[in-house]
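Below: one structure, written as C-alpha cells.
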There are 2 protein chains.
Amino acid sequence: MTDIDRCIAGRMRMLSRVVTGLYNETFAEEGVTLAQATLLMYMFVVPGVRQSVLSKQLMIEKSAMSRDLQLLQRNGWLTDSIRKGLFLTDEGQALAKRCHKRWKALNGAVREQLGTDAVDGLDLLTERILALR
Amino acid sequence: MTDIDRCIAGRMRMLSRVVTGLYNETFAEEGVTLAQATLLMYMFVVPGVRQSVLSKQLMIEKSAMSRDLQLLQRNGWLTDSIRKGLFLTDEGQALAKRCHKRWKALNGAVREQLGTDAVDGLDLLTERILALR
DNA sequence: TCTAAAAAGTTGTATATGCAACTTGGTGAC
DNA sequence: GTCACCAAGTTGCATATACAACTTTTTAGA
C-alpha cells in the first residue's frame, strides 16, 4: 500500500496548492488572491458575463461562484446587479488591469521555467481529464 | 487580455477541482473525502508518522494539517496522542483498508483512461513545478 | 544538565469550495 | 395570459486551505 503517492488526484491537488501559493505571493501586493484576480480578469474581458458561464468555464460549483462574487462585490469591485450579468466598477477595472500586468509577467516566467514539454504535458492532461467526465 | 485561460495556476486549480470531484464520488460511499482518505492511507502505511512529515510530503500548511487531523480524530479514526505521532484506531485501520481498495480501482482506471503519455506528462510537470520553489 | 533557539503543533481569522435545498426568473405549451 | 417547468442564483452547512501569532516540544551548546 505504498503506492498512494501515485494518486492522480492527490498529485493534482498538491501541485495546485504549490502553484496557488506562488501566484498568491504576487497578487498579495494588490490585496487579492489568485482566485479573485482570475475572476476580475475574466469579467474585464467579458463585461456582463453571467455567473453560470464563469461557473462552467472554470468548473466551479455555482454556489461557490456566487459567494466568490459576493466577496468581490463587498470589496467594491462589482456593480450591484450581479444577478443580471457581471460588471466591474471603475475601481474593479483598474485592479483587474494591475492584476493582469502582474499575472502576465509571472505566468510567462513560470511557463518558461517549466519548459515547453511540461506545458505541453499540461495541455494534454487537461484535454484527457476533461474527457473523463 | 484574452490569454487568461493560459494561466498555469488557473489550469491546475481547475483540474484539481475536477479530479477531486471524481474521487470524492467514490469515497463518499465510505463517508469520507479524498483529502481524508489520503491521510488515512498514509497513516496506515507509516504508523506513528508526524504531522510535520505529512505536511511536507503533501505540501499542506501545518495548521491546515493540524485541523484535518483533528477532524479525523473527532470521527474516532485516530488515537489520542496526535502530537507524538499519528496512529489509526482499529476502526481507522479498517476504513483505511476499504478506502485503499476503492482508491486502487479508481486510480488504476483513471491512469488507464488518461494514457501513459498524459501520466508521464503529469510526472514531468510535477518535477518541474516542485523545482520552481 | 540547563537554557536558548529551532521545530512542531494549535488557534484566530479569512478565503475557496461542494452538496442540498430553497428561491427567483424566464420560457414554452396551451 | 398563466401555469408548469427548467435554468440561474442564493443560503445553510460542512470541509480544505493559508497566514499570523501563539504555545509546546525538541534539540544543541555551553
Side-chain angles (χ1 to χ4, degrees), chain A residues 9-10 12-40 42 48-75 77-78 80-86 133, chain B residues 9-10 12-40 42 48-75 77-78 80-86 133:
Chain A
M12 293 297 317
R13 289 168 64 82
M14 184 184 74
L15 298 182
S16 166
R17 286 188 291 270
V18 172
V19 295
T20 296
L22 186 60
Y23 281 63
N24 275 344
E25 276 178 29
T26 285
F27 290 119
E29 300 178 57
E30 300 292 349
V32 295
T33 61
L34 162 61
Q36 293 165 15
T38 301
L39 293 177
L40 290 170
Y42 258 103
V49 65
R50 287 305 206 80
Q51 293 188 30
S52 57
V53 172
L54 285 182
S55 178
K56 278 160 198 152
Q57 204 95 63
L58 302 178
M59 304 287 268
I60 292 173
E61 215 274 334
K62 62 182 179 169
S63 66
M65 181 60 66
S66 175
R67 278 185 242 260
D68 291 350
L69 292 168
Q70 285 169 30
L71 176 61
L72 298 182
Q73 195 184 33
R74 278 202 300 283
N75 280 293
W77 299 320
L78 293 192
D80 284 343
S81 61
I82 71 176
R83 290 184 76 137
K84 301 281 187 172
L86 303 163
R133 306 254 76 195
Chain B
M12 293 298 315
R13 290 168 63 83
M14 185 185 73
L15 297 182
S16 167
R17 286 188 291 269
V18 172
V19 295
T20 297
L22 187 60
Y23 281 64
N24 275 344
E25 276 178 28
T26 285
F27 289 119
E29 301 179 55
E30 300 293 347
V32 296
T33 62
L34 162 62
Q36 293 164 15
T38 300
L39 293 177
L40 289 170
Y42 257 104
V49 65
R50 287 307 206 79
Q51 294 188 31
S52 57
V53 172
L54 285 183
S55 177
K56 279 162 198 151
Q57 204 95 63
L58 302 178
M59 305 287 267
I60 291 173
E61 215 273 335
K62 62 182 180 170
S63 66
M65 180 62 67
S66 176
R67 280 184 240 258
D68 290 350
L69 292 168
Q70 285 169 28
L71 176 62
L72 297 182
Q73 195 184 34
R74 279 202 301 282
N75 280 292
W77 300 320
L78 294 191
D80 285 343
S81 61
I82 72 176
R83 290 183 76 136
K84 299 283 186 170
L86 302 163
R133 306 254 75 192

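As a basis for the values below, the full set of heavy atoms in this structure was taken, side chains included, without hydrogen atoms, waters or symmetry mates. In what follows, every chain begins at residue 1, and chains take the letters A, B, ... in the order their sequences are listed.
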Return no unless some side-chain N or O of A/S66 is found under 4.0 Å from OP1 or OP2 of D/dG9. no

CE/B/M65 to CD/B/Q57 distance, rounded to the nearest 0.5 angstrom? 9.5 Å

Mind checking the CD-CD1 spacing from A/Q51 to A/I82? Nearest 0.5 Å is all I need. 5.5 Å

5'-most contact on DNA chain D: A/S52 or B/N75, nearest heavy atom basis? A/S52

Output the rounded distance in Å from CE (B/M59) to P (D/dC19). 11 Å

For B/D68, run the side-chain contact (heavy atoms from CB on, under 4.5 Å) check against B/L58, B/L54, B/L39 and tell me which one passes. B/L39

Check the distance between D/dG9's C1' and A/K56's NZ and give it to me in whole angstrom. 12 Å

Starting at CG of B/L69, measure out to CZ of B/R83 and round the result to the nearest 0.5 Å. 12.5 Å

Please report the distance, rounded to the nearest Å, between CG in A/N24 and C1' in D/dA16. 14 Å

Of the listed nucleotides (D/dG9, D/dT10, D/dA18), which one gets closest to any side-chain atom of B/I60? D/dA18

Less than 4.0 angstrom between a side-chain N/O of A/R13 and OP1 or OP2 of D/dT17, yes or no? yes

Chain B reaches DNA chain C, atoms under 4.0 Å from its heavy atoms, from C/dA8 to C/dG18

B/Q70 atom CD is separated from D/dA14 atom C1', nearest whole Å, by 16 Å

Can you tell me how far OH of B/Y23 sits from CE of A/M12, rounded to the nearest 0.5 angstrom? 10.5 Å

Just by modelled atom types, is the A/L34 backbone N or O under 3.5 Å from a matching donor or acceptor in the A/N24 side chain? yes

To the nearest 0.5 Å, atom CG of B/N75 lies from atom CD of B/Q73 at 10.5 Å

So, is B/T33 near the phosphate of D/dA16, with a side-chain N or O under 4.0 Å from OP1 or OP2? yes

How would nucleotides 20-27 of chain D be written as a contact map, 5' to 3', with B for base contact, S for sugar-phosphate-only contact and - for no contact, using protein heavy atoms under 4.0 Å? B---SSS-

Between P of D/dT15 and CE of B/M65, the distance in whole Å: 17 Å

Most 5' of B/I82 and A/Q36 on DNA chain C, judged by nearest nucleotide: B/I82

In whole Å, what is the span from the CZ atom of A/F27 to the P atom of D/dC19? 15 Å

Would you say A/K62 and A/S66 make side-chain contact, with heavy atoms under 4.5 Å? no

Interatomic distance, A/L40 atom CG to A/L78 atom CG [nearest 0.5 angstrom]: 7.0 Å

